[in-house]
Amino acid sequence: GTEMSESFLSCVMDCFDMMVSTAERYKELTPWYGPDQIDEVESLGIACQFFAVNLLNAELRLKKCESHDITYSQEYQDDSDVLAFMLPNLLVFAQGVSRLEGTSVGTRRQVLELQCRCYWLASSYFLWVGRCSNDASNSTAAEDHGLEYLSKTLKLLLENRQQDDLIVKTPHLESSDRRGKHWSLISAEVLLKYRDQLQSSSIVSRARQCFRDILLGVKERSGYANNEIDHFSEDDKKRLGTLGTELLERYNVNSEKSSEVFDELLSDFLLLHENHINVHDVSASREVRWGKLWTKIASSQATINTSL
C-alpha cells in the first residue's frame, strides 16, 4: 500500500544518511556518498557503485517531494535543497563514467542504464520545479531544461536501441501520485510519446497565457467597457491569428493522434462547464440534459464576437 511504500522509501533514505554520516566526508556536510569527483575513482565498476547509490537517493527524494507541498514543510524543503545540490554532481558523473575504461558488457550496460536514469531524473526534477514555480519566466525556463534533459535521455536510448535493446525498468519510481508508463520503465517508445504530450501541453499553456495577456491589454485600453471587441488592435489580431494557427496544428484532424486530442478537448470543455450539465433519472435510465451548455459553443461569427 501507499503507507508501506512511503515507509520503505524513508528507510532507504535514512540508510543513505547513516552511510554518509559514518563516511570520512561527513565533516563536509554534503549529502553525497563516496568521492564527489569522477577523477578520484580508479575503476569503472567502483564509479558505478557510487553513482548508483547517490542516484537512487536523489530519485527517492524527488519522489517524496512530488507527493508533498514543500512550502508547508521544512523537511520537504530540505529534500528539495538536497536535490539541488546532488543533481549537478550526478550529471557530472553521468558524463564522466563514459571516459572510464571497462571491458565487461554487463558493466557497459549498467553505465547506459545509470546515465538514462540520471538524465530522466534531471528532466523530472526541472519539470517539477516548473510546476511548483509561481513565476512564469522561471517556470518556462525550468520546463525548457526539463525538455532538454528528456531529449538527452531519448538520444541515449535511440543511439543504443539496436545494439542493446535498451529498456530500463524503474518500478521504484512508481507511486499513486505518478501516472503513466514512463514511471515504470524508460524506453525510447515510451519517452517519445511522453515528450509529445509535454510539448502539446506546453503549446496549450502558453497559448492560454498569451490570450489572457492580449485580453488584459484590450480591457485596459477599453476602460473595461462592455464593447471590448472594438478595442482589438491590428497587433492583437495578428497575435490571436498566430495562436489560432498553433492550436489548429496542435489539434490537427488529419493527425494519427486526432482522436486523442479531441478527447482531451471534449474532457476539458465538459469539466469547465460541468455546472451547466443536468443529469436526471428517467425510468431507471440516466438522461443528460445539456441545458445552457449549447450556448457556450460558438456556432456563428456573432456568437464568437459575443463570447469575446
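From a predicted model like this one, the values you see are computed outputs, not experimental measurements.
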Under a 4.5 Å cut-off applied to non-hydrogen side-chain atoms, are H145 and V129 in contact? no

For E148, I'd like to know if atom CD has over 12 heavy atoms of other residues, nucleotides or ligands within 6.0 Å. yes

Would you mind reporting whether C118 and F51 have side-chain heavy atoms less than 4.5 Å apart? yes

Quick one: does N54's side chain have a donor or acceptor within less than 3.5 Å of a partner on Y33's backbone? yes

Would the distance check show the side chain of K63 and the main-chain N or O of E174 forming a donor-acceptor pair, the cut-off being under 3.5 Å? yes

Evaluation steps, side chain to side chain contact (heavy atoms under 4.5 Å, CB included), between K181 and L185: CA-CA 7 Å; K181 194 174 181 179; L185 63 87; 4.0 Å; yes

Which atoms form the tightest heavy-atom contact between L91 and A122, and what is the distance? CD2-CB, 4.1 Å

Could you give the distance from NZ (K193) to CG (L198), rounded to the nearest 0.5 Å? 13.0 Å

Any side-chain heavy atom of L158 within less than 4.5 Å of one from K155? no

Derivation of the side chain to side chain contact (heavy atoms under 4.5 Å, CB included) call for R61 and N57: CA-CA 6 Å; R61 287 187 187 276; N57 178 53; 3.2 Å; yes

Can you tell me how far the CG atom of N160 sits from the CD atom of Q115, to the nearest 0.5 Å? 8.5 Å

Under 3.5 Å, side chain of D236 to main-chain N/O of S233, donor-acceptor pair present? yes

d(L173 CG, S124 OG) to nearest 0.5 Å is 7.5 Å

To the nearest 0.5 Å, what is the distance between OG1 on T153 and CZ on R117? 12.5 Å

I want to check something: taking the side chain as every heavy atom from C-beta on, are K169 and S184 in contact at a cut-off of under 4.5 Å? no

Please examine the side chains of L62 and W128, heavy atoms only from C-beta on, and report whether any two atoms are closer than 4.5 Å. yes

Considering all heavy atoms, the nearest Y149-S123 contact: CB-N, 3.7 Å

Does a side-chain N-to-carboxylate-O contact under 4.0 Å join R131 and E66? yes

Is there side-chain contact between S151 and R195, with heavy atoms separated by less than 4.5 Å? yes

Separation between CD (Q110) and CG (L44), nearest 0.5 Å, reads 8.0 Å

Are W120 and Y194, when compared by the centres of their aromatic rings, separated by less than 6.0 Å? yes

Do L154 and Y119 have side chains that get closer than 4.5 Å, going by heavy atoms? no

Correct closest heavy-atom pair for I186 and C116 would be CD1-O, 4.4 Å

Measure across L157 and S187 and return the closest heavy-atom pair with its distance rounded to 0.1 Å. CD1-C, 3.6 Å

Heavy-atom closest pair (P35 atom, F50 atom, distance to 0.1 Å) is CD-CE1, 3.4 Å

Using side-chain heavy atoms (C-beta onward) and a distance below 4.5 Å, is V168 in contact with L112? no

I'd like to know if M86 and V92 are part of one continuous hydrophobic network [Ile/Leu/Val/Met/Phe/Trp/Tyr, side-chain heavy atoms within less than 4.5 Å]. no

Donor-acceptor under 3.5 Å (R239 side chain, I214 main chain): no

Measure the spacing between CG of L127 and CG of D144 and express it to the nearest 0.5 Å. 10.0 Å

Take L240 and F211, measure what side chain to side chain contact (heavy atoms under 4.5 Å, CB included) needs, and give me the verdict at the end. CA-CA 7 Å; L240 286 171; F211 178 80; 3.6 Å; yes

What do you reckon, are the aromatic ring centroids of F93 and W32 less than 6.0 Å apart? yes

Would you call R109 and E113 a salt bridge, taking side-chain N to carboxylate O under 4.0 Å as the test? yes

Taking every non-hydrogen atom, the tightest pair across D79 and C65: CB-SG, 3.6 Å

Would F126 and L87 count as a side chain to side chain contact (heavy atoms under 4.5 Å, CB included) here? Give the steps. CA-CA 10 Å; F126 284 115; L87 188 58; 4.0 Å; yes

